[in-house]
Amino acid sequence: MPSLAPRPDLDSLPKYVPGRTIEGAIKLASNEVPGGPLPSVQAAITDAVTGVNRYPDNGSQALRERLSRRLDVPAQRLAIGCGSVSLCQQMIQALCGPGDEVLFGWRSFEAYPIVVQVALATGVKVPLTPEHGLDLDAMLVRITDRTKLVFVCNPNNPTGTVLHRDEIERFLEAVPPHVLVVLDEAYKEFVTDPEVPDGIDFTRTHSNVAVLRTFSKAYGLAGLRVGYAVAPEPIAQALQQVYVAFSVNSIAQVAAIASLDAEDELLARCREIIAERTRVRDALLEMGYEIPPTQANFVWFPLGDATAAFAEHMLDRKLIVRPFPGEGARVTIGTPEENDLFLAAAKEFRAI
């Protein structure tokens, strides 16, 4: 009689590596914003605590209606999930079966290959350009009759590079109608390049485009786990069908609505991070590092085989960065004081 065992393919499942947390160290590994929730959001969270004896609204109706008004999108085309990563997995579960293909650039968001394999689909990795950006032409060539979904991370995580409006428009015109293009815009609030489009505009003109956004990054709600998708109505409904019941808790829903109501404060904080991003990258370029232009809240070091040594050097100085061994390291923009310490350590490493 066979013994009880998990799926054998889980042994080959890629491991998601979260940013490390070490007491006393400065964490620049997880693309979190250095400040917590905005003051008005903290107050809303405190008030919401008294109701946690009740189940949350399973459809997040109030949040969907608030987003509908803000984005000028029908509520029927919105789906709420436990962070955008959960919505990535729901997308695949809703569209793909065993053997169906999901395309994405590589390197890109490290959860993509994990959620693809969990759903028994087949991941197709398409190398980045020499400039560390997504290669839409190469992705287009890899689309087959088995392709059901393409993830386009813009800005791309972990490189911070972006695709412009004309590039995405050409790509969407060439993608077959049976393929859903998912524009993953987790870092949209940090974008200042006017040529980077708002992906939601494409959902109004194309029936095979969806957009993912999150409250984890710019909104400072990473610990509460809430994100949303804008999608064609049948896809949005399918996302709700595969949604894990009550996974977006009531405090997260209240905090997300309060964050949307505090948009001016949010954008002011984003501008501070953007200014630091420019300062940090300029300083690194002066040191002689190759740092691709970034529109996210992090910078990318394409260090290749020197990546592990760079990460260890930083850790010795109580700075935690996110290494991708053999490829590069991603460093989140922190407070000015944290960034100064990081830049000093980077200068030391450059001199080794």
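Every heavy atom of this structure was used, including side-chain atoms; hydrogens, water molecules and symmetry mates were not. Note that the structure is a prediction, hence the values are computed from the model and not measured.
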Asker: State whether R350 and E286 are salt-bridged, where the test is any N-O pair (Lys NZ or Arg NE/NH1/NH2 against Asp/Glu carboxylate O) under 4.0 Å.
Answerer: no
Asker: Under a 4.0 Å threshold between the charged nitrogen and the carboxylate oxygen, would R279 count as salt-bridged to D340?
Answerer: yes
Asker: Is there a donor in the side chain of T332 and an acceptor in the side chain of N31, or the other way round, less than 3.5 Å apart?
Answerer: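 Yes, a side-chain donor-acceptor pair sits under 3.5 Å.
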Asker: So that I can tick it off, tell me whether R213 and E185 are bridged by a salt bridge, with the cut-off set at under 4.0 angstrom between side-chain N and carboxylate O.
Answerer: yes
Asker: Check this for me, if you would: do D100 and R146 make a salt bridge, where the nitrogen-to-carboxylate-oxygen distance has to be below 4.0 angstrom?
Answerer: no
Asker: Salt-bridged, R317 to E348, with N to O below 4.0 Å?
Answerer: yes
Asker: Is the closest basic N to carboxylate O distance between E263 and R70 below 4.0 Å?
Answerer: yes
Asker: If we only count heavy atoms from C-beta on, is the V52 to S250 side-chain gap below 4.5 Å?
Answerer: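 Yes, close enough: below the 4.5 Å cut-off.
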Asker: List the residues meeting side chain to side chain donor-acceptor pair (under 3.5 Å) with R225, not counting sequence neighbours, and say none if there are none.
Answerer: S216
Asker: Measure the shortest side-chain to side-chain distance between E290 and H132 over non-hydrogen atoms and say whether it is less than 4.5 angstrom.
Answerer: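 Sidechains of H132 and E290: in contact.
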Asker: Go through the structure and list residues passing ring-ring contact (aromatic ring centres under 6.0 Å, His included) with Y112, not counting sequence neighbours.
Answerer: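 Here the qualifying residues are F104, F109, F151.
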Asker: Look at E101 together with K148 and state whether they make a salt bridge at an N to O cut-off of under 4.0 Å.
Answerer: no
Asker: Answer yes when D137 and R170 have at least one side-chain N-carboxylate O distance shorter than 4.0 Å, and no when they do not.
Answerer: no
Asker: Taking atom OH as the centre, does Y55 end up with more than 12 heavy-atom neighbours from other residues, nucleotides or ligands that are less than 6.0 angstrom away?
Answerer: no
Asker: I'd like to know if the side chain of N339 pairs up with that of E276 as donor and acceptor (distance under 3.5 Å, no hydrogens or angles considered).
Answerer: yes
Asker: Do the side chains of R107 and E327 get close enough for a salt bridge, i.e. N-O under 4.0 angstrom?
Answerer: yes
Asker: Can you pull out every ring-ring contact (aromatic ring centres under 6.0 Å, His included) where at least one residue sits in residues 305-349? Sequence neighbours excluded, please.
Answerer: W300-F324, F301-F310, F301-F342, F310-F349, H313-F349
